[in-house]
J.: 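Quick one: the structure is below, questions incoming.
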Amino acid sequence: MTAPNPLPRSFYEGDSREVAPRLLNKLLVHGELAGRIVEVEAYAADEDPASHAFRGETARNRTMFGAPGLLYVYFTYGMHFCANAVCGDVGWAHAVLLRALHPVRGLDVMRARRPAARRDRDLANGPAKLCSAFAIDRDLDGADLVTDDRGVTIVDDGTPPPDEPGRSARIGISVAVDEAWRWYVPGDAHLSRPEPRRARAAAP
DNA sequence: ACCGGGATGTTCT
DNA sequence: GAACATCCCGGTG
């Protein structure tokens, strides 16, 4: 078992579609809370019409244009926050949306923050649910995951990503809907959507 | 189980 | 004024 260390800056450098599947099974840590990343989506800078960065830098997406390894938090639908790991490079605004966590540590705190979650599997199985459970909001936009300057980081506890991650189109977008830039840990109970049933070997 | 609608506020057209 | 990288609740089967 390796000692849990924050991922280095170099881990986040490069195209989000390469970084995203490598983030699976890493641990998101905020203070005493920890959860395993089991579902992510890549947003590919200015070549991706679904990306907040597609039309260039604005006040809202400024963090995406900063250093890889920053946390980009945005507010949506009037009440929810979503969190991304910034990738790419300065000015090359790739990002990986964290879509679902498998809670590992601090479940009692998460339950208190997520009263609507009837089962523990509902605590962090969605991009806004995980932010609520982990108390991630606009105050943490721009936090550095590498230096852990504000208590939020992503660490490697020695669990490798899946050899063959699940893959699908991204969820909740209205453009670039055919790009299969969502990855997940197959069989995990904490995904934001149930995994599609595998095709049968034979018809009934 | 699945589906439909409402909540709520920021951002950009 | 529309859109929004969503969630929750209450309806119907």
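Sequence lines set the chain letters: A, B, ... in the order given, protein chains first and strands last, and positions in each chain run from 1.
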J.: What pairs with A:Glu57 under salt bridge (charged side-chain N to carboxylate O under 4.0 Å, His left out), at least two apart in sequence or on another chain?
T.: none
J.: Give each stem of DNA chain B as a range with a range, requiring at least 3 consecutive Watson-Crick or G-U wobble pairs whose two distances are under 3.5 Å.
T.: B:1-7 with C:6-12, B:9-12 with C:1-4
J.: Cluster partners of A:Val86, using ILVMFWY side-chain heavy atoms under 4.5 angstrom, listed by chain and number?
T.: A:Tyr43, A:Met64, A:Phe65, A:Leu70, A:Tyr72, A:Tyr74, A:Leu97, A:Ile173, A:Val177
J.: Please check this pair: side chain of A:Asp148 against backbone of A:Val152, looking for a donor-acceptor N/O pair closer than 3.5 Å.
T.: yes
J.: With sequence neighbours left out, write down each residue that passes side chain to side chain donor-acceptor pair (under 3.5 Å) with A:Arg119, or none if nothing qualifies.
T.: A:Asp122
J.: Looking at every non-hydrogen atom in both residues, tell me the closest pair between A:Ala133 and A:Leu123 and how far apart they are.
T.: CB-O, 3.5 Å
J.: Counting only N and O atoms by type, is there a donor-acceptor contact under 3.5 Å from the side chain of A:Thr153 to the main-chain atoms of A:Leu145?
T.: yes
J.: Using a 4.5 Å cut-off between side-chain heavy atoms of Ile, Leu, Val, Met, Phe, Trp and Tyr, which other residues end up in the same hydrophobic cluster as A:Phe54?
T.: none
J.: Under 4.0 Å, heavy atom to any atom of DNA chain C: which of residues 123-143 of chain A qualify?
T.: A:Gly126, A:Pro127, A:Ala128, A:Lys129
J.: Looking at A:Asp139 and A:Arg150, is there a salt bridge between them, counting it only when a charged N and a carboxylate O are closer than 4.0 Å?
T.: no
J.: Does any residue of residues 71-107 of chain A have a heavy atom under 4.0 Å from DNA chain B, and if so, which ones, in number order?
T.: A:Phe75, A:Tyr77, A:Gly78, A:Met79
J.: Got a sec, which residues hit salt bridge (charged side-chain N to carboxylate O under 4.0 Å, His left out) with A:Arg167, two or more places apart in sequence or on another chain?
T.: none
J.: Is it true that A:Arg60 and A:Asp141 make a salt bridge, defined as a side-chain N closer than 4.0 Å to a carboxylate O?
T.: no
J.: Between which nucleotides of DNA chain B, read 5' to 3', does contact with chain A run, using atoms under 4.0 Å from its heavy atoms?
T.: B:dA7 to B:dT13
J.: Indicate, with a heavy-atom threshold strictly under 4.0 Å, whether A:Arg114 touches base, sugar-phosphate, or nothing.
T.: sugar-phosphate
J.: Expressed as a whole number of Å, how far does the P atom of C:dA5 sit from that of B:dC3?
T.: 23 Å
J.: Compute both the distance and the angle, then confirm whether A:Arg99 meets the cation-pi test with A:Tyr184: under 6.0 Å from the six-membered ring centre, within 45 degrees of the axis.
T.: no
J.: Under the rule for salt bridge (charged side-chain N to carboxylate O under 4.0 Å, His left out), what residues qualify as partners of A:Arg105, not counting sequence neighbours?
T.: none
J.: Remember a base hit wins even if backbone is also touched, and classify A:Ala116 as base, sugar-phosphate or nothing at under 4.0 Å, heavy atoms.
T.: sugar-phosphate
J.: Does a donor on one side chain and an acceptor on the other come within less than 3.5 Å for A:Ser168 and A:Arg182?
T.: yes
J.: Listing request: all ring-ring contact (aromatic ring centres under 6.0 Å, His included) pairs with a residue in residues 88-132 of chain A, at least two apart in sequence or in separate chains.
T.: A:Trp92-A:His94, A:His102-A:His190
J.: Under a 4.0 Å threshold between the charged nitrogen and the carboxylate oxygen, would A:Arg17 count as salt-bridged to A:Asp48?
T.: no
J.: Which nucleotide span of DNA chain C, 5' end to 3' end, has atoms closer than 4.0 Å to non-hydrogen atoms of chain A?
T.: C:dC4 to C:dC8
